Amino acid sequence: MTLSFFDQFMSPTLFSIPLMALALTLPWILYPPPSAQWINNRMITLQAWFINRFTQQLLLPLNIGGHKWAALMASLMIFLISLNLLGLLPYTFTPTTQLSLNMSLAVPLWLGTVLIGMQNQPTIALGHLLPEGTPAPLIPVLIIIETISLFIRPLALGVRLTANLTAGHLLIQLIATAAFVLMPLMPTVAIITTIILFLLTLLEIAVAMIQAYVFVLLLSLYLQENI
Amino acid sequence: MPQLNPAPWFTILLFSWLVFLIVIPPKVLNYTFTNEPSPQNTQKPKPQPWNWPWH
C-alpha cells in the first residue's frame with residue numbers, strides 16, 4: 001500500500017507527452033512581459049517588486065564580482081519558487097521532487113563557484129579548508145573533514161530540496177487518504193485529520209518558498225567564499 | 001522510488017537547463033525598476049577651494 005504512494009513522483013506521460021516537459025514550460029506563462037509604460041498592472045508590479053527586493057537582499061554580502069551572478073540567481077529563484085508552489089495544487093506534477101532535476105541544477109552551479117575560486121584566488125579558496133585557530137595536531141584531520149564537507153555540498157543542496165518536497169507531498173497524500181478513509185467510520189477523527197491536513201498544507205506552502213530561498217541563498221554563500 | 005529511475009535523468013537535465021537558460025532570464029530581465037529617490041541634503045556642501053591654475 002505504501003509503495004503506491006510513490007507513484008505520484010513518477011515522471012508521468014499523457015498520450016506519450018512527458019508531463020515533465022509541460023510542467024517545465026507552462027509555469028512561465030504566469031510571468032507576462034511588462035508593458036512599455038512605467039506603471040503596470042498589479043501582478044507585474046508585485047513580481048517586479050519581489051525580484052528587485054530579493055536580488056538586492058541576496059547580493060548585499062557579495063562583492064562586485066559576485067554581482068555578475070544576479071540574473072542567474074534571480075532566474076533560479078523564480079524557477080524554483082514557481083515550480084514548488086504550483087506543485088502544491090492538486091494533481092499537479094512537481095518537477096523539483098525529481099532528484100535528477102535538483103542535482104542537475106545543484107552540481108553545475110556549485111562546481112561553477114568552486115572553479116571560479118580555484119581559478120581567480122586559489123590560495124584563498126584552498127584556505128577555506130582549514131579554519132583559523134586550529135590546533136596543529138588537528139590540521140590533517142580537519143583538512144580531510146573540510147574537503148569531505150566541500151564535496152558533500154552539491155549533494156546536500158540537491159537532496160535537501162528533493163527530500164523536503166517529496167516528504168511534504170507524501171505527507172499530504174497520506175493524511176488526505178487517512179481523512180478520506182476515516183470519514184464514514186469515525187467522522188470526528190476525520191474532521192481532526194482534515195484540520196491537520198489544512199495546517200500541513202499551510203506548512204507546505206511555507207516550505208515550498210523557504211526551500212527555494214535556501215537553495216539560492218546557499219549558492220550565494222558558496223559564491224561569496226570563492227569570488 | 002521512481003525518482004531514482006535513471007532513464008530520464010539526462011533528458012531532465014537537458015530540459016531543465018534549457019528552460020532555465022533560455023526562457024526565464026529574458027522574462028526576469030524585462031522587469032525594470034525606478035531609482036529610489038534620495039532625500040535632498042539640507043545643507044549644501046561648502047564650495048571647495050580650487051587652487052590649481054588654468055593651463
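In what follows, every chain begins at residue 1, and chains take the letters A, B, ... in the order their sequences are listed. Source: prediction; values computed, not measured.
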Asks: With a 4.5 Å heavy-atom cut-off (strictly below), which parts of residues 204-219 of chain A touch chain B? List them by number.
Replies: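 At a heavy-atom separation under 4.5 Å, chain B is reached by no residue of residues 204-219 of chain A.
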Asks: Rounded to the nearest 0.5 Å, what separates atom CG in A:Leu99 from atom CH2 in B:Trp9?
Replies: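 Result: 4.0 Å between the selected atoms.
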Asks: Sort out for me which of A:Ala71, A:Pro34, A:Pro108 touches chain B most, counting heavy-atom pairs under 4.5 Å.
Replies: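 Among the listed options, the one with the most contacts to chain B is A:Pro34.
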Asks: Closest approach of A:Ser104 and B:Trp17, non-hydrogen atoms and distance?
Replies: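 That closest heavy-atom pairing would be O-NE1, 2.6 Å.
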Asks: So which bits of residues 60-67 of chain A come within less than 4.5 Å of chain B, counting non-hydrogen atoms only?
Replies: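 So no residue qualifies.
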Asks: Closest approach of B:Phe33 and A:Asn52, non-hydrogen atoms and distance?
Replies: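 Answer, listing the atom of B:Phe33 first, then A:Asn52: CE2-CB, 3.5 Å.
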Asks: What is the distance from atom OG of B:Ser16 to atom CD of A:Gln98, rounded to the nearest 0.5 Å?
Replies: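 The OG atom of B:Ser16 sits 11.0 Å away from the CD atom of A:Gln98.
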Asks: Going by the side chain to side chain donor-acceptor pair (under 3.5 Å) test, which pairs reach into residues 113-122 of chain A, not counting sequence neighbours?
Replies: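 Sorted pair list comes back empty.
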Asks: Quick one: closest heavy-atom pair of A:Leu24 and B:Val19, and the distance?
Replies: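 Result for this residue pair: O-CG1, 3.5 Å.
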Asks: Give the minimum heavy-atom separation between B:Tyr31 and A:Ala48, together with the two atoms involved.
Replies: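 Taking B:Tyr31 first and A:Ala48 second, the nearest heavy atoms are CD2-CB, 3.6 Å.
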Asks: Once rounded to the nearest 0.5 Å, what's the spacing between atom CZ of A:Phe79 and atom CG of B:Leu21?
Replies: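 Reported to 0.5 Å precision, the distance equals 9.5 Å.
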Asks: Between B:Lys27 and A:Tyr31, what is the shortest heavy-atom contact and its length?
Replies: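 Minimum heavy-atom separation between B:Lys27 and A:Tyr31: NZ-O, 3.0 Å.
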Asks: Using a cut-off of under 4.5 Å on heavy-atom pairs, state which of B:Thr32, B:Val28, B:Leu29 scores highest against chain A.
Replies: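 Highest number of heavy-atom pairs under 4.5 Å: B:Val28.
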Asks: Output the option from A:Leu72, A:Leu105, A:Thr55, A:Thr25 having the highest count of non-hydrogen pairs under 4.5 Å with chain B.
Replies: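 Ranked by contacts with chain B, first place is A:Leu105.
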Asks: Measuring heavy-atom distances to chain B, does A:Pro32 have an atom under 4.5 Å in its side chain, in its backbone, in both, or in neither?
Replies: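 For A:Pro32, the backbone is the part near chain B, not the side chain.
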Asks: For B:Thr34, which atoms come within 4.5 Å of any heavy atom of chain A: side chain, backbone, both, or neither?
Replies: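 Just its side chain gets close to chain A.
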Asks: How far does OG of A:Ser82 sit from CD1 of B:Ile24, to the nearest 0.5 angstrom?
Replies: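 It comes to 7.0 Å.
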Asks: With a 4.5 Å heavy-atom cut-off (strictly below), which parts of residues 83-91 of chain A touch chain B? List them by number.
Replies: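 Expected list: none.
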